[in-house]
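Predicted model, so just to flag it, every value in this text is computed and none were measured. Residue numbers count from 1 along this sequence.
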Amino acid sequence: MGNRAGGRRTGPKCIAIVGPFASGKTSLLEAILARTGAIARQATVASGATVGDDNPEARAHLMSVEASLATTGFMDDDLTFIDCPGSIEFAYEAEPVLAACDLAIVVAEADEKKIPALQLIMRTLEEHGIPRVLFLNKVDKAAIGVRATLKLLQPASAVPLVLRQIPLRKDGIVIGSIDLALERAHIYREHAESEIAPIPDDEKAREVEARFSMLETLADHDDALMEQLLEEIEPPRDAVFDDLAADLRAGSVIPVLIGSAEHGNGVLRLLKTIRHDAPDIAQTRERLGLGETDETILQVVKTVHTPHGGKLSYARVLAGSIADGAEIVTHDGRTGRVSGLYRMLGRNQTKLQNAGEGETVALGKLEEVRTCDTLAVGKTPPPALATPEPPQPVNAVALRPHERKDEVKLSASLQKLAEEDPSIAIEHQDSGETVISGHGEMHLRVTTERLGSKFQIEVDSSRPGVPYRETIRKGTTQRGRHKKQSGGHGQFGDVVLEIRPLPRGSGFEFTDTITGGVVPKQYIPSVEAGVRDYLKAGLFGFPVVDIAVNLADGSFHSVDSSDMAFQMAAKLAMREAMPACSPAILEPVMKIEVFTPSDATAKVTAILPQRRGQILGFDARPGWPGWDVVEAMMPQAEIGDLIVELRSATAGVATFRASFDHMAELTGRLADEVANAHGKAA
């Protein structure tokens with residue numbers, strides 16, 4: 001006991017700040033920067049002056065919408081903090097960041113409604129193997145005590161939460177904290193360093209009880225400490241600090257510190273915990289499977305397109321060092337030259353000549369580099385580190401530029417936004433619409449707002465079209481004759497088509513039973529081409545599927561027949577035949593899996609049938625205590641804004657996966673509405 005941690009880990013560190021929406025992450029970053037002297041004063045989110053909310057969308061919605069990076073110094077350490085959005089809609093912002101971080105600060109509060117969101121965040125950290133501390137924010141406003149709060153929060157974490165501090169109260173008001181490892185009190189001072197004080201006599205019994213609880217948890221990983229507790233021997237203070245550091249770095253406990261980010265309380269103790277206990281870049285390399293290397297390796301955690309400086313790639317130097325002007329190569333062979341090397345404080349840049357191991361910097365104008373790329377200096381590609389896959393989008397919107405002259409500019413701007421946010425999916429439709437897909441209503445709203453604020457493009461938005469199809473219920477035989485005489489060679493094509501339905505999912509089948517050369521062989525492909533051309537948009541304006549067409553008869557003219565004439569004859573036959581084939585509209589039906597907290601499952605199962613969903617069943621979500629998976633079949637037309645209703649019913653945390661299952665016939669009023677919307681009658 002006493003040397004498990006191996007001492008303080010020196011060198012630059014990278015720390016992610018994560019937590020549920022509105023838990024105070026940006027306020028904490030602001031307090032850290034003010035306390036370390038990186039900024040003159042601590043601002044508020046509402047003021048719009050904070051480092052984490054220095055873009056118009058964040059200010060407009062009073063929420064972080066992208067990861068924001070700030071490097072500062074504390075004592076003899078360089079610390080880079082990356083403030084990650086708390087909303088589930090922007091959760092993917094944290095994924096590339098976490099891969100390169102040494103530690104995560106989880107900001108939480110005593111709010112039962114935010115437990116599911118906290119569980120999502122804890123789950124992500126556990127999957128990445130990120131060591132973490134929990135900063136229990138807003139203790140001055142909490143309605144319950146910290147131990148009751150820990151009991152409330154513990155189900156969100158698979159790892160024990162261990163109180164490192166307890167609040168010090170006077171007349172029911174939190175005036176400071178008691179450090180259970182140092183065994184002394186700290187009296188809060190507004191936006192200033194706390195005053196050290198002895199533990200008041202009337203608080204000593206509570207401190208002893210809380211400290212013993214902390215030591216009991218640490219003893220689960222230290223046999224010597226367990227033996228000392230059983231023998232009622234007071235463990236050396238240095239050994240307690242060593243256990244706290246070792247268990248934090250191993251991810252076997254989560255130390256809990258308390259404070260109020262808004263008032264700058266508890267920030268200094270948090271910084272000292274990071275300085276003494278956080279792992280270093282060597283442990284992060286080991287976690288990433290990189291190991292020791294003589295090469296210079298970097299991991300890109302974010303991409304930003306600036307208005308005047310061009311593209312910036314935020315990257316962590318995992319090994320070696322990099323200089324401005326260095327040639328780099330990605331893991332898959334793309335190359336570039338660094339044009340500008342910067343230390344970042346929000347959008348503010350400080351130019352550097354070089355950066356060493358562990359530093360987090362911005363690399364200028366690497367046009368071929370993307371978020372999640374692994375880089376090496378030189379010409380030999382580095383090994384590819386694991387790349388987190390964006391979750392499946394759950395919402396979509398169709399965009400058109402308000403002015404036609406912006407069509408090309410819109411496409412280029414969306415590509416830049418997708419570089420900044422890889423969780424955006426972009427699809428260009430045959431209809432001329434551009435469909436962007438994302439992770440919620442706010443995610444898509446912010447994306448479209450950025451088109452205006454960042455690229456000065458005004459767009460019109462609408463719900464994306466549903467890929468309806470047409471089919472037929474019965475067959476018929478139809479002649480189509482195209483004849484035209486206008487001087488010189490005329491046009492003549494004559495076909496008899498036999499049309500019949502095929503089983504669902506069969507697509508299209510074309511055959512011919514021509515005998516005697518009534519339609520010459522060279523024109524038969526033209527007949528098929530004419531049929532296929534018609535099937536692109538049938539009676540109701542949708543592609544026609546599950547149909548068989550046989551060319552049974554026809555005639556030709558030795559002079560006037562041509563490929564075009566037989567194509568026109570085939571299209572004419574199809575157009576005249578379709579009304580007699582009892583046409584129908586088909587809609588895509590999706591299989592969906594909704595992931596929801598168990599206490600909201602009843603609400604989810606009530607929502608789905610209202611959208612023509614057929615519930616197949618629900619069960620516990622494997623490996624997720626307190627969560628369920630609801631399976632259902634639902635028409636794609638009903639899924640458009642489903643996520644909005646699901647999130648409203650689940651404190652903002654539900655999500656779903658959808659995959660195409662089958663096409664089903666649409667009948668009655670809904671079929672008429674769809675047909676009429678396309679100017680046809682069903």
Novice: Is the backbone of M442 close enough, under 3.5 Å, to the side chain of E89 for a donor and an acceptor to pair up by distance?
Specialist: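 A pair under 3.5 Å: yes.
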
Novice: Looking at Y534 and M574, what are the two nearest heavy atoms and their distance?
Specialist: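 Looking at all heavy atoms of both residues, the closest pair is CD2-CB, 3.5 Å.
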
Novice: Kindly indicate, with the supporting measurements, whether the criterion salt bridge (Lys or Arg N to Asp or Glu O under 4.0 Å) is fulfilled by R621 and D628.
Specialist: CA-CA 5 Å; R621 186 177 185 182; D628 288 338; over 6 Å; no

Novice: Please lay out, stage by stage, how R657 and E631 fare under the test salt bridge (Lys or Arg N to Asp or Glu O under 4.0 Å).
Specialist: CA-CA 10 Å; R657 286 198 300 252; E631 294 187 353; over 6 Å; no

Novice: Rounded to the nearest 0.5 Å, how far apart are CD of E441 and OG of S648?
Specialist: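 OG of S648 is found 10.5 Å from CD of E441.
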
Novice: Tell me, with the steps shown, if D421 and E66 meet side-chain contact (heavy atoms from CB on, under 4.5 Å).
Specialist: CA-CA 8 Å; D421 181 1; E66 63 178 340; over 6 Å; no

Novice: Measure the spacing between CG of L666 and CZ of R469 and express it to the nearest 0.5 Å.
Specialist: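 Reported value, rounded in 0.5 Å steps: 14.0 Å.
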
Novice: Any heavy-atom pair between the side chains of T448 and L399 that's under 4.5 Å?
Specialist: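 Yes; the side chains approach each other to less than 4.5 Å.
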
Novice: Please check if the side chain of S506 supplies one atom and the backbone of L502 the other of a donor-acceptor pair under 3.5 Å.
Specialist: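 No, S506 side chain to L502 backbone: no donor-acceptor pair under 3.5 Å.
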
Novice: For R337 and E367: C-alpha separation, side-chain torsions, deciding distance, then whether salt bridge (Lys or Arg N to Asp or Glu O under 4.0 Å) applies.
Specialist: CA-CA 9 Å; R337 181 184 293 274; E367 301 304 328; over 6 Å; no

Novice: Run the side-chain hydrogen bond (donor to acceptor under 3.5 Å, both in side chains) check on E427 and S437 step by step: do they pass?
Specialist: CA-CA 8 Å; E427 184 179 359; S437 302; 6.0 Å; no

Novice: What are the two closest non-hydrogen atoms of L497 and A570, and how far apart are they?
Specialist: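 Minimum heavy-atom contact is CD1-O, 3.9 Å.
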
Novice: Answer yes or no: does atom CZ of F595 have more than 12 heavy-atom neighbours from other residues, nucleotides or ligands under 6.0 Å?
Specialist: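 Yes, the 6.0 Å shell around CZ holds more than 12 heavy atoms from other groups.
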
Novice: Before accepting this row, confirm whether a basic side-chain N of the pair R400/D460 lies closer than 4.0 Å to the acidic partner's carboxylate O.
Specialist: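 No, this pair does not count.
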
Novice: So, the side chain of H61 versus the backbone of M63: is there a donor-acceptor pair under 3.5 Å, distance only?
Specialist: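 Not at all, since once roles are kept as given, no pair shorter than 3.5 Å links the two residues.
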
Novice: Applying side-chain hydrogen bond (donor to acceptor under 3.5 Å, both in side chains), can you list everything that pairs with Q567, at least two apart in sequence or on another chain?
Specialist: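 Checked Q567 against side-chain hydrogen bond (donor to acceptor under 3.5 Å, both in side chains); zero matches.
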
Novice: With a 6.0 Å cut-off (strictly less than), is the heavy-atom count around NZ of K365, excluding the residue itself, greater than 12?
Specialist: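 Counting neighbours around NZ of K365, 12 or fewer heavy atoms of other residues, nucleotides or ligands fall under 6.0 Å, so no.
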
Novice: About how many Å separate CG of L375 and CD of Q299, when rounded to the nearest 0.5 Å?
Specialist: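 So the CD of Q299 and the CG of L375 are separated by 7.5 Å.
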
Novice: Do Q491 side-chain atoms and A565 backbone N/O form a donor-acceptor pair below 3.5 Å?
Specialist: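 Answer holds: no.
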
Novice: Could you check if a side-chain atom of F455 sits within less than 4.5 angstrom of a side-chain atom of D406, using non-hydrogen atoms only?
Specialist: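 In short, these two side chains do not touch, never coming nearer than 4.5 Å.
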
Novice: Evaluate Q119 against W624 for side-chain hydrogen bond (donor to acceptor under 3.5 Å, both in side chains), listing each step before the verdict.
Specialist: CA-CA 9 Å; Q119 186 177 14; W624 286 70; over 6 Å; no

Novice: Out of R370, K311, K302, which residue meets the salt bridge (Lys or Arg N to Asp or Glu O under 4.0 Å) rule with E419?
Specialist: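 Per the salt bridge (Lys or Arg N to Asp or Glu O under 4.0 Å) rule, the option paired with E419 is K311, out of R370, K311, K302.
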
Novice: Do K409 and E407 have side chains that get closer than 4.5 Å, going by heavy atoms?
Specialist: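 The answer is no, as the side chains (C-beta and beyond) never meet within the 4.5 Å cut-off.
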
Novice: Test side-chain contact (heavy atoms from CB on, under 4.5 Å) on T476 and M578 and set out the steps.
Specialist: CA-CA 9 Å; T476 191; M578 279 297 286; over 6 Å; no

Novice: Should the heavy atoms of other residues, nucleotides or ligands under 6.0 Å from CG of D332 be counted, would the total exceed 12?
Specialist: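 Result for CG/D332: enclosed.
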
Novice: Using the six-membered ring wherever Trp is involved, compare the ring planes of F90 and H443 and label them parallel, tilted or perpendicular (cut-offs 30° and 60°).
Specialist: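 The rings of F90 and H443 stand perpendicular, inter-plane angle above 60°.
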
Novice: When rounded to the nearest 0.5 angstrom, what distance separates CD1 in I585 from CG in L670?
Specialist: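 With rounding to 0.5 Å, CD1 (I585) is 10.0 Å from CG (L670).
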
Novice: What is the minimum heavy-atom distance between V394 and G440, and which atoms define it?
Specialist: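 Closest approach of V394 to G440, heavy atoms only: CG2-N, 4.0 Å.
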
Novice: If we only count heavy atoms from C-beta on, is the V329 to P381 side-chain gap below 4.5 Å?
Specialist: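 V329 vs P381: side chains touch.
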
Novice: Walk me through whether T303 and T371 qualify under side-chain hydrogen bond (donor to acceptor under 3.5 Å, both in side chains).
Specialist: CA-CA 6 Å; T303 301; T371 300; 2.8 Å; yes

Novice: Are more than 12 heavy atoms from other residues, nucleotides or ligands located less than 6.0 Å from atom CZ of R404?
Specialist: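 At most 12 heavy atoms, drawn from other residues, nucleotides or ligands, come within 6.0 Å of this atom.
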
Novice: Between S411 and V408 (side chain of the first, backbone of the second, donor and acceptor by atom type, cut-off under 3.5 Å), is there such a pair?
Specialist: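 Absent.
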
Novice: As an exercise, state the distance from CG of L642 to CG of L608, rounded to the nearest 0.5 Å.
Specialist: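 Answer rounded to 0.5 Å: 6.5 Å.
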
Novice: Hey, does the side chain of H482 reach the backbone of L572 with a donor-acceptor pair shorter than 3.5 angstrom?
Specialist: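 No, the answer is negative, given that no donor and acceptor are paired below the 3.5 Å cut-off.
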
Novice: Nearest heavy-atom pair of H557 and S561: which atoms, and what distance?
Specialist: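 Scanning both residues, the minimum pair turns out to be N-OG, 2.7 Å.
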
Novice: Pair T655, R647 - check side-chain contact (heavy atoms from CB on, under 4.5 Å), show working.
Specialist: CA-CA 8 Å; T655 189; R647 295 258 166 88; 4.0 Å; yes

Novice: Taking NZ, NE, NH1 and NH2 as the nitrogens, is one of them in D494 or K483 under 4.0 Å from a carboxylate oxygen of the other?
Specialist: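 Salt bridge: no.
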
Novice: So, the side chain of Y92 versus the backbone of P388: is there a donor-acceptor pair under 3.5 Å, distance only?
Specialist: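 The answer is yes, because a donor-acceptor pair under 3.5 Å joins these two groups.
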
Novice: Walk me through whether L363 and I328 qualify under side-chain contact (heavy atoms from CB on, under 4.5 Å).
Specialist: CA-CA 11 Å; L363 312 174; I328 60 92; 5.7 Å; no

Novice: Search all heavy atoms of G475 against all heavy atoms of C581 and return the closest pair with its distance.
Specialist: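 Nearest heavy atoms, G475 then C581: C-SG, 4.4 Å.
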
Novice: Tell me whether R445 is salt-bridged to E449, with the criterion being a basic N under 4.0 Å from an acidic carboxylate O.
Specialist: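 Result for this pair is no, no salt bridge flagged.
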
Novice: Taking the side chain as every heavy atom from C-beta outward, state whether V435 and V397 have any pair of such atoms under 4.5 Å apart.
Specialist: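 No - every pair of side-chain heavy atoms lies 4.5 Å or more apart.
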
Novice: State the CD-CD1 distance between E638 and I592, to the nearest 0.5 angstrom.
Specialist: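 Rounded to the nearest 0.5 Å, the CD-CD1 separation comes out at 10.5 Å.
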
Novice: After noting the C-alpha distance and the side-chain angles of E420 and K416, does the key distance pass the salt bridge (Lys or Arg N to Asp or Glu O under 4.0 Å) rule?
Specialist: CA-CA 6 Å; E420 293 187 340; K416 288 183 178 180; over 6 Å; no

Novice: Under a 3.5 Å distance rule, please check whether Q392 uses its side chain to pair with a backbone N or O of A658 as donor and acceptor.
Specialist: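 Flag set: sc Q392 to bb A658 pair under 3.5 Å.
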
Novice: Which heavy atom of P635 sits nearest to which heavy atom of R611, and what is that distance?
Specialist: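 Heavy atoms only, the tightest pair is CD-O, 4.0 Å.
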
Novice: Is any side-chain heavy atom of L551 closer than 4.5 Å to a side-chain heavy atom of V496?
Specialist: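 Sidechains of V496 and L551: no contact.
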
Novice: State, with a plain yes or no, whether a side-chain heavy atom of M590 is found less than 4.5 Å away from one of Q636.
Specialist: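 Result yes, sub-4.5 Å side-chain heavy-atom pair found.
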
Novice: Using modelled atom types and a 3.5 Å cut-off, is there a donor and acceptor pairing between side-chain atoms of N676 and backbone atoms of D672?
Specialist: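 Present.
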
Novice: Would you confirm whether E498, through its side chain, and T477, through its main-chain N or O, come within 3.5 Å as a donor-acceptor pair?
Specialist: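 Here the side-chain-to-backbone pair does not exist.
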
Novice: Going by the ring-ring contact (aromatic ring centres under 6.0 Å, His included) test, name the single residue among F556, Y523, F492 that passes it with F566.
Specialist: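 Only match with F566 under ring-ring contact (aromatic ring centres under 6.0 Å, His included): Y523.
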
Novice: So, do L646 and T596 sit near enough that their side-chain heavy atoms are less than 4.5 Å apart?
Specialist: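 Side chain of L646 against side chain of T596, heavy atoms only: no contact under 4.5 Å found.
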
